[in-house]
Amino acid sequence: MGQTVCRVELNRGKRIFRDIDLDAMIKALQGTTLEGSTTHGKQMCFFFGGGIHLGIHLGMTGKLRAEPADRFSKFKHDHLVLHMSGDTVLVFSDPRMFGRVLFSAEKEPPEWWTDLPAEVLSKDFSFERMDAFLKRRARTAIKPVLLMQEMFPGIGNWMADEILFQSRIQPQRRAGDLKPAERKRLYAALQFVSKEALRIVAPDWGDFPDDWLFNHRWKDGGVCPQTGCTLKREPIGGRTTCWSPEWQK
DNA sequence: CTATTTGTTTATCC
DNA sequence: AGGATAAACAAATA
């Protein structure tokens, strides 16, 4: 913080820059001072002087790193590089480019930052809110419902399966058919999996407990760590879904 | 070579 | 209109 942007280096035409006027962004960033940053799920926002907002959505394979200038070398997928004063380099890399860069230099904070849905682990994410959402999506299978970012920001495919596994609910059940007790379990598992995933992965890409579905789900023939039975794998709502038929009802 | 996978957005249908 | 569903995206990996 407090450092100034000396030079902006980027790979033009990459999908992560969709809808951005790159020349305007570069011009605005050059010479401005980084005043702070916050995170929101897989998104981050950097605040620069003059009301400039630079958003980074990590998507699936997006990574941010900061390193000393003398150790920096640009890799193939380093699409956005901010050379800062103080010999630090901020790098956003994203091989698959499901991530995205957002930018605004308007007076008001941009809606892409102010209108984000409540984070799963925030206190605004109440059981009642989730419950109301499940009612509205009553006819859709619960698995794809968990992937809806407007309610569950940052929940992706494996997390959705893990949450259903831990709450013992079959992924093809319709959201509106879940009993109150099941919805309670779903809420608890959602919080637990999100919290644990962050706790375990964040520091150093740790391993998940072996009684999670995570370690067993990736290929056909996996064995359920709870029952010892073979896991099922098939697409639900267009995404590969893995579950334990004996364990999840 | 092709098929599959991943998180999220976007388009299209109902 | 708003909800349900399918397709799109890029690139590594099998």
Side-chain angles (χ1 to χ4, degrees), chain A residues 10-20 39-45 55-64 74-80 91-104 110-121 125 129-165 171-178 190 193-194 197-198 201-202 205 208 212-222 231-243:
Chain A
L10 48 76
N11 297 338
R12 279 174 194 276
K14 293 297 179 185
R15 192 180 142 78
I16 54 166
F17 296 122
R18 70 202 100 129
D19 305 328
I20 289 193
T39 67
H40 187 107
K42 284 172 182 161
Q43 278 188 241
M44 243 155 281
C45 190
I56 302 279
H57 194 307
L58 296 176
M60 183 171 70
T61 52
K63 283 198 178 71
L64 271 170
K74 192 165 174 298
F75 290 92
K76 185 178 176 192
H77 301 299
D78 294 342
H79 300 313
L80 176 62
V91 188
F92 177 46
S93 72
D94 189 1
R96 299 286 284 280
M97 293 193 286
F98 288 164
R100 143 176 240 167
V101 174
L102 301 134
F103 176 75
S104 163
E111 4 49 68
W112 53 257
W113 183 245
T114 54
D115 293 0
L116 290 171
E119 287 184 285
V120 169
L121 293 177
F125 194 98
R129 242 171 59 88
M130 186 194 81
D131 213 37
F133 187 76
L134 295 189
K135 280 205 182 67
R136 253 194 296 146
R137 308 303 171 141
R139 306 170 35 151
T140 307
I142 186 63
K143 163 68 187 276
V145 168
L146 284 174
L147 294 177
M148 293 179 180
Q149 300 296 304
E150 73 260 36
M151 187 65 210
F152 304 102
I155 300 297
N157 201 41
W158 77 259
M159 273 208 164
D161 283 358
E162 190 68 48
I163 288 159
L164 290 170
F165 178 75
Q172 53 278 91
R173 296 274 304 280
R174 299 194 172 233
D177 295 343
L178 298 179
L190 171 69
V193 170
S194 304
L198 287 175
V201 172
W205 292 98
F208 290 111
W212 280 33
L213 179 63
F214 186 85
N215 296 312
H216 312 275
R217 58 159 298 153
W218 299 104
K219 50 188 186 312
D220 288 337
L231 295 166
K232 261 208 172 314
R233 267 164 61 84
E234 62 184 56
I236 296 176
R239 317 313 310 253
T240 300
T241 302
C242 181
W243 78 100

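Just so you know, these numbers come straight off a predicted model, no measurement behind them. Lettering follows sequence order; numbering is per chain, from 1.
- Distances were taken from every side-chain heavy atom of A:Lys76 (C-beta onward) to each of C:dA12, B:dT6, B:dG7; the shortest belongs to C:dA12.
- Side chains of A:Leu58 and A:Lys63 form no contact here, defined as non-hydrogen atoms less than 4.5 Å apart.
- Within the nucleic acid shown, A:Arg233 comes within 4.0 Å of sugar-phosphate atoms alone, with no base atom in reach, counting heavy atoms only.
- Regarding contacts with the backbone of C:dT5, every side-chain N or O of A:Arg137 stays at 4.0 angstrom or more from both OP1 and OP2.
- A donor-acceptor contact under 3.5 angstrom links the side-chain atoms of A:Arg96 to the base of B:dT5.
- Rounded to an integer number of Å, the gap from A:Arg136 CZ to C:dA1 P is 16 Å.
- A side-chain donor-acceptor contact under 3.5 Å links A:His79 to the backbone of A:Asp94.
- We find that CE of A:Met159 is positioned 10 Å from P of B:dT8, with the value rounded to whole Å.
- Residue A:His77 places none of its side-chain N or O atoms closer than 4.0 Å to OP1 or OP2 of C:dA10.
- Rounded to an integer number of Å, the gap from NE2 of A:His79 to C1' of C:dA11 is 10 Å.
- Using a 4.5 Å cut-off on side-chain heavy atoms (C-beta onward), A:Met159 and A:Leu147 make no contact.
- Closest contact between the side chain of A:Gln149 and the listed nucleotides C:dA10, B:dT8, C:dG3 involves B:dT8.
- The CG-P distance, from A:Asp94 to B:dT8, rounds to 11 Å in whole Å.
- Taking 4.0 angstrom as the limit, A:Arg239 places none of its side-chain polar atoms (N or O) nearer than this to OP1 or OP2 of B:dG7.
- Between B:dT9, C:dT5, B:dG7, one nucleotide has an atom nearer to the side chain of A:Arg18 than all others, and that is B:dT9.
- Residue A:Leu58 contributes atom CG, which lies 16 Å from atom C1' of B:dT9 at whole-angstrom precision.
- Side-chain to base pairing of A:Arg15 with B:dT9: no donor and acceptor N or O lie closer than 3.5 Å to each other.
- Judged by distance alone, the side chain of A:Arg217 and the main-chain N or O of A:Phe214 form no donor-acceptor pair under 3.5 Å.
- The stacking criteria are not both satisfied for A:Phe98 over the base of B:dT6, which would need a centre-to-centre distance under 5.5 angstrom and an angle between ring planes under 30 degrees.
- Nucleic acid contact class of A:Gly154 (heavy atoms, under 4.0 Å, all strands): sugar-phosphate only.
- Taking for each of A:Thr240 and A:Glu150 the nucleotide of DNA chain B with the nearest heavy atom, the 5'-most of the two is the partner of A:Thr240.
- Neither OP1 nor OP2 of B:dG7 sits under 4.0 Å from any side-chain N or O of A:Lys42.
- Aromatic ring orientation, A:Phe208 versus A:Trp212: parallel (interplanar angle below 30°, classes split at 30° and 60°).
- In this structure, A:Trp218 places its CH2 atom 13 Å from P of C:dA14, rounding to the nearest Å.
- Relative orientation of the A:Phe125 and A:Phe152 rings is tilted, given thresholds of 30° and 60° on the angle between their planes.
- Rounded to whole Å, atom C1' of C:dT13 lies 14 Å from atom NZ of A:Lys219.
- Between the NZ atom of A:Lys63 and the P atom of B:dT6 there is a distance of 16 Å, given to the nearest Å.
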